[in-house]
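Each ligand, and each atom within it, is numbered from 1 in the order the structure gives. Residue numbers start at 1 and run along the sequence shown. The figures here come from the full heavy-atom set of this structure, side chains too, leaving out hydrogens, waters and symmetry mates. Fair warning: this is a prediction, and the values are worked out from it, not measured in the lab.
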Amino acid sequence: STALELERLAKTFPNGTVALAELSAEIEAGDFVSLLGPSGCGKSTVLRLIAGLERPTQGQVRWPGPVKLGFVFQEPTLMAWATATENVALPLELAGVARNEAGDRARRALEPMGLANFANALPRELSGGMRMRVSIARALVAEPAVLLMDEPFAALDEFTRSQLNDDLLRLWGERRFTTLFVTHSVFEAVYLSRRILILGARPARLVADITNPTPYPRD
Ligand code: ADP
Ligand code: ADP
């Protein structure tokens, strides 16, 4: 089934910058799709349009019904004064889940990220990779159908990045949330994705749509 459909999406910012010329694509539910292209080509804009953080100048994002989204940015944007558990529990509490239950679910979301022993740690007590894991746990705690990731690992060293790639693949394999992953790394797109949408230099437009790029066995 279709998770979402981009219909002739275009975006021109008020200052006249054309970030996105016209993009159409249908995303299958449960797929892992990378948006790959050079820095500044408009990838984040596509993701922000999908998340509803920007309005398209033309076209639309079509959803089959109400859908829960998770979003992971390059900067983990954790609350500095709150523990890992409290950070992960926040979206649940905002959705009206009782404090105790939100805390329990947050701790359960930290476990598969290898952070069970860091549930009470503050962000500054964690490494960059661990903070990113908290951020992923926070994005997934409410069990979204669609996970949007905007160059999440670009600031991490390549060992940490490689571990996070594998953690993400494991979670995706278990739960099959539809994933849209923005990256400028060809390596990462090929390693992670089942489909790569390659965007050309700004204004972004689709220059290639590649299915099953990975030479590694996947399912
Ligand atoms: P990418 O994610 O591929 O690096 P972006 O989507 O962030 O690219 O940006 C695409 C282009 O739009 C860039 O030239 C960027 O400077 C510009 N841009 C992004 N946001 C705004 C904005 N709010 N106003 C004006 N220009 C913007
Ligand atoms: P950039 O962000 O500069 O495009 P790359 O993604 O090309 O960086 O990665 C830089 C280096 O890290 C390359 O040598 C690449 O092979 C390595 N690398 C990136 N992701 C992984 C990964 N998941 N596992 C192992 N090596 C990786």
Side-chain angles (χ1 to χ4, degrees), residues 3-28 31-63 67 69-78 128-129 131-133 135-136 138-140 144 146-158 160-162 164-165 167-169 172 177-211 213-214:
L4 66 147
E5 210 174 333
L6 313 180
E7 285 183 353
R8 308 187 53 174
L9 267 191
K11 179 69 181 180
T12 302
F13 286 107
N15 69 358
T17 303
V18 184
L20 185 58
E22 184 175 296
L23 181 65
S24 295
E26 198 176 318
I27 310 294
E28 280 293 300
D31 210 355
F32 195 126
V33 180
S34 283
L35 289 174
L36 173 68
S39 291
C41 81
K43 303 180 296 297
S44 293
T45 302
V46 175
L47 223 55
R48 292 171 59 79
L49 287 167
I50 293 171
L53 299 170
E54 302 275 2
R55 293 173 64 82
T57 329
Q58 178 208 289
Q60 62 173 333
V61 180
R62 195 191 285 277
W63 302 92
V67 154
L69 296 178
F71 210 128
V72 177
F73 302 92
Q74 185 174 323
E75 274 301 310
T77 62
L78 301 175
R131 285 199 290 271
M132 181 49 69
R133 288 192 170 85
S135 175
I136 293 172
R138 180 180 57 185
L140 293 177
V146 176
L147 180 64
L148 305 174
M149 305 185 91
D150 192 355
E151 305 221 28
F153 310 145
L156 301 172
D157 67 76
E158 63 183 80
T160 304
R161 186 167 175 171
S162 148
L164 277 157
N165 283 345
D167 286 342
L168 177 60
L169 276 186
W172 175 80
F177 37 81
T178 309
T179 305
L180 279 169
F181 189 95
V182 161
T183 182
H184 61 264
S185 162
V186 175
F187 181 96
E188 203 168 54
V190 170
Y191 186 72
L192 289 172
S193 326
R194 294 214 308 189
R195 181 180 177 197
I196 304 179
L197 301 176
I198 301 183
L199 304 179
R202 187 171 71 78
R205 72 209 144 70
L206 196 56
V207 297
D209 183 346
I210 301 167
T211 306
T214 171

- Message: Within the structure provided, determine whether Leu164 and Leu168 are in side-chain contact (heavy-atom separation under 4.5 Å).
- Response: no
Which protein heavy atom lies closest to [atom], and at what distance to 0.1 Å?
| atom | answer |
| --- | --- |
| atom 8 (O) of ligand 1 | Gly42 N, 3.1 Å |
| atom 9 (O) of ligand 1 | Thr45 OG1, 3.9 Å |
| atom 19 (C) of ligand 1 | Phe13 CE1, 3.5 Å |
| atom 17 (C) of ligand 1 | Thr17 CG2, 3.9 Å |
| atom 7 (O) of ligand 1 | Ser44 CB, 3.5 Å |
| atom 13 (C) of ligand 1 | Gly40 O, 3.6 Å |

Please could you name the atoms of ligand 1 that [X] approaches to less than 4.0 Å, counting only its heavy atoms?
| X | result |
| --- | --- |
| Asn15 | 25 (C), 26 (N) |
| Pro38 | 3 (O) |
| Ala19 | 12 (O) |
| Lys43 | 1 (P), 2 (O), 3 (O), 4 (O), 6 (O), 8 (O) |
| Cys41 | 1 (P), 3 (O), 8 (O) |
| Ser39 | 4 (O) |

Does [Y] offer a backbone N or O that forms a donor-acceptor pair with the side chain of [X] under 3.5 Å?
| X | Y | value |
| --- | --- | --- |
| Ser34 | Leu36 | no |
| Thr179 | Phe177 | yes |
| Arg138 | Pro76 | yes |
| Ser193 | Ile196 | no |
| Thr183 | Ala189 | no |

- So, does Gly37 sit close enough to ligand 1 that a heavy atom of it is under 4.0 Å from the ligand? no
- Message: With a cutoff of 4.0 Å, is Pro203 in contact with ligand 1, counting heavy atoms of the residue only?
- Response: no
- Note on the structure: Of all heavy-atom pairs linking Pro203 and Ala21, the shortest is CB-N, 3.8 Å
- Query: Parallel, tilted or perpendicular: which fits the ring planes of Phe32 and Trp172, with parallel below 30° and perpendicular above 60°?
  - Reply: perpendicular
- Can you find an N/O atom of Glu54 closer than 3.5 Å to an N/O atom of ligand 1? no
- Message: Are any of the N/O atoms on Arg202, whether in the backbone or the side chain, positioned under 3.5 angstrom from an N/O atom of ligand 1?
- Response: yes
- Member of Leu199, Val46, Thr12, Leu6 meeting the side chain to side chain contact (heavy atoms under 4.5 Å, CB included) criterion with Leu20: Val46
- How about atom 11 (C) of ligand 1: does it have a protein heavy atom within less than 4.0 Å? yes
- Determine, counting only non-hydrogen atoms of the protein, whether one lies under 4.0 angstrom from atom 5 (P) of ligand 1. yes
- Query: Would Val72 and Phe153 satisfy side-chain contact (heavy atoms from CB on, under 4.5 Å), going step by step from the backbone distance to the final call?
  - Reply: CA-CA 10 Å; Val72 177; Phe153 310 145; 5.8 Å; no
- Which one of Arg8, Lys11, Arg205 satisfies the salt bridge (Lys or Arg N to Asp or Glu O under 4.0 Å) criterion with Glu22? Arg8
